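Only one structure is covered here, and it is reproduced in the block below.
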Amino acid sequence: MDTDNKLTYSQAIAELEQIVKTMQSENCSIDNLSQLTSRSLELLKICKSRLLATDEELKKILAELED
């Protein structure tokens, strides 16, 4: 999804938290579990990507300080 590329880390985490609440609720339908699980995986991939990108940026900055 194009809009997923524009999600911030905080937005992805907030959506994940909402999914967890939905899954834990008594109103969560078995029929929705697969969709919720798939969306969770997408969001986790976005979070991982953002964390790895931030890690690389920080490593570059720290390497410049050592020079």
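It should be emphasised that the depicted structure is a prediction, and the values quoted were computed from it without experimental measurement.
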- Task: Output all residues satisfying side-chain hydrogen bond (donor to acceptor under 3.5 Å, both in side chains) with Glu15, sequence neighbours left out; order by chain, then residue number.
- Result: Arg39
- Task: Could you tell me the separation between the CG atom of Asp31 and the CG atom of Leu36, rounded to the nearest 0.5 Å?
- Result: 11.0 Å
- Task: Nearest 0.5 Å please: distance from the CD atom of Gln11 over to the CZ atom of Arg50.
- Result: 9.0 Å
- Query: When rounded to the nearest 0.5 angstrom, what is the spacing between OG in Ser49 and CG in Leu44?
  - Reply: 12.5 Å
- Side-chain heavy atoms of Leu43 within contact of Leu7, under 4.5 Å: yes
- Can you find a pair of side-chain heavy atoms, one from Met23 and one from Thr37, that are under 4.5 Å apart? yes
- Could you give all pairs that pass the salt bridge (Lys or Arg N to Asp or Glu O under 4.0 Å) test and reach residues 17-27, with sequence neighbours left out? none
- Message: Once rounded to the nearest 0.5 Å, what's the spacing between atom SG of Cys28 and atom CD of Gln24?
- Response: 10.0 Å
- Sidechain-backbone polar pair: Thr22 side chain, Gln18 backbone, donor-acceptor under 3.5 Å: yes
- Item | Ser40: side-chain contact (heavy atoms from CB on, under 4.5 Å) partners, not counting sequence neighbours | Leu16, Ile19
- Task: Return the set of residues passing side-chain contact (heavy atoms from CB on, under 4.5 Å) with Ser10 (not counting sequence neighbours), or none when no residue passes.
- Result: Thr8
- Message: Once side-chain hydrogen bond (donor to acceptor under 3.5 Å, both in side chains) is applied, what residue pairs with a partner in residues 51-62 remain, sequence neighbours excluded?
- Response: Asp55-Lys59
